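Quick notes on the structure that follows.
The model shown is predicted, which means the values in this text are computed figures rather than measured ones. Naming: A, B, ... by sequence-line order, numbering from 1 per chain.
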There are 2 protein chains.
Amino acid sequence: MSEKNLYTIKNVTKLTGVTASTLRYYEELGILEDVERDKNDNRIYTDEHLDRLGGIRCFKDGAMPLSKIREFYRYESDLENHIDDIIELVEEQTEELTETINKMVAQKKHMEAKVKFYSAIKKAIENNSPWPSWDEYSD
Amino acid sequence: MSEKNLYTIKNVTKLTGVTASTLRYYEELGILEDVERDKNDNRIYTDEHLDRLGGIRCFKDGAMPLSKIREFYRYESDLENHIDDIIELVEEQTEELTETINKMVAQKKHMEAKVKFYSAIKKAIENNSPWPSWDEYSD
DNA sequence: ATATCACTTAAAGTAGACTTTAAGGCAATA
DNA sequence: TATTGCCTTAAAGTCTACTTTAAGTGATAT
């Protein structure tokens with residue numbers, strides 16, 4: 001209960017790197033909630049909003065679509081009634097993420113092998129020597 | 001030089017899971033090249049096209065945009081003149097992929113911790129006991 | 001002969017995540 | 001007082017990667 005810093009939309013942009021229009025868009029989508037206004041109707045953000053934006057970024061890093069992020073926060077604001085929903089959502093997303101990571105790691109290895117292979121070709125070109133075959137490099 | 005199987009667009013769809021319109025789209029983009037036609041103007045695909053489609057899928061698994069995939073194959077078809085370009089492209093994409101994977105792995109851990117945390121809350125709800133705090137679960 | 005099927009093209013539509021534009025309000029500064 | 005700067009909304013535009021639609025051709029099945 002100790003923080004009560006307030007931020008203009010520009011301040012939030014500076015602090016988070018999220019543009020003003022994206023902030024409005026997130027609010028419209030309902031993933032950034034309860035944004036108060038000052039007497040001129042300008043948005044006022046709090047530290048809770050900064051925290052939320054940090055959370056959103058994490059979920060986005062985990063390739064979670066905004067619709068799921070929205071669902072997550074909806075459940076989180078009423079955990080008693082949505083504890084099963086939120087567990088299911090996070091477990092499901094974790095599984096998807098695991099699969100995505102596995103594919104990416106495989107492709108990363110493949111691409112590292114390609115760099116070695118093409119580097120060998122580069123040398124072969126420079127030395128006018130016979131080109132290597134991919135078989136020697138493919139993992 | 002031993003394979004000379006030919007495939008209709010439907011066969012390719014069955015074998016690869018890539019829809020006919022996506023195949024036409026890839027051809028239009030130039031990432032699927034030299035698709036011949038039969039006397040009725042219908043597309044004829046070869047094993048090389050199936051290989052290419054496998055490669056495209058790998059790159060897509062590595063979150064490579066179609067524009068870069070196109071660039072890659074353009075360079076690959078003229079390695080002598082583009083060996084530096086292709087090495088740069090693949091190295092750059094590998095680096096980006098590494099960063100993406102790192103973020104995803106971090107978020108995966110975070111989400112696994114969340115599942116444990118919410119499971120503990122679920123038990124607390126069931127047992128009418130005090131809720132745990134996130135601090136005990138956050139990694 | 002006619003219906004059906006697979007194919008063709010070009011163009012329009014979709015989804016997600018924003019960004020840009022247009023039109024205007026309020027407040028401080030020159 | 002006029003300009004500048006930051007804010008507002010609603011709507012339209014952008015980008016990627018497709019998908020869907022419309023209109024039409026040609027071969028096959030009944």
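Partners of B:Asn81 according to the side chain to side chain donor-acceptor pair (under 3.5 Å) rule, which considers only residues two or more places apart in sequence or in another chain, are B:Asp78. Residues passing the side-chain contact (heavy atoms from CB on, under 4.5 Å) test with A:Asp38, sequence neighbours excluded: A:Asn40, A:Asn42, A:Ile44. When the salt bridge (charged side-chain N to carboxylate O under 4.0 Å, His left out) test is applied to B:Glu36, no partner is found at least two apart in sequence or on another chain. B:Ser129 pairs by the side-chain contact (heavy atoms from CB on, under 4.5 Å) definition with B:Ala124, B:Asn127, not counting sequence neighbours. Legend: residues meeting ring pair (Phe, Tyr, Trp, His ring centres under 6.0 Å) with B:Tyr26, ordered by chain and number and at least two apart, are absent.
Contact check of residues 94-102 of chain B against DNA chain D (heavy atom, cut-off under 4.0 Å) returns no residues at all.
Using a 4.0 Å cut-off, no side-chain N or O of A:Lys39 falls inside it from OP1 or OP2 of C:dC26.
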Sequence neighbours excluded and cut-off under 3.5 Å, please list the side-chain donor-acceptor pairs for residues 97-105 of chain B, or say none.
unit_1   : atom_1 : unit_2  : atom_2 : d
B:Thr98  : OG1    : B:Thr94 : O      : 2.7
B:Thr100 : OG1    : B:Glu96 : O      : 2.9
B:Asn102 : ND2    : B:Thr98 : O      : 3.4

Let me check something: any side-chain donor-acceptor pairs from residues 106-122 of chain B under 3.5 Å, sequence neighbours excluded? List them with distances.
unit_1   : atom_1 : unit_2   : atom_2 : d
B:Tyr118 : OH     : A:Glu76  : OE2    : 3.0
B:Ser119 : OG     : B:Val115 : O      : 2.7
B:Lys122 : NZ     : A:Asp84  : OD1    : 2.5

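Within the structure, every pair that satisfies the side chain to side chain donor-acceptor pair (under 3.5 Å) test and touches residues 61-74 of chain A, not counting sequence neighbours, is listed here: A:Glu71-A:Tyr75.
Checking side-chain atoms of A:Thr13 against main-chain N and O of A:Val18 turns up a donor-acceptor pair under 3.5 Å.
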For nucleotides 15-22 of chain D, give me one character per nucleotide, 5' to 3': B if any protein heavy atom sits under 4.0 Å from the base, S if the only such contacts are to the sugar-phosphate, - if neither. --BBBB--

For every nucleotide of nucleotides 3-10 of chain D, 5' to 3': is a protein heavy atom under 4.0 Å from its base (B), only from its sugar-phosphate (S), or from neither (-)? ---SSBB-

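In the hydrophobic clustering of this structure, B:Leu6 does not group with B:Leu32; members are Ile, Leu, Val, Met, Phe, Trp, Tyr whose side-chain heavy atoms approach within less than 4.5 Å, directly or through other members.
Over its length, the helix from C:dA1-D:dT30 to C:dA30-D:dT1 turns its helix axis by 30°, as judged from the five terminal pairs at each end, rounded to 10°.
Distance CD1 (A:Ile31) to C1' (C:dG16): 12 Å, rounded to an integer number of Å.
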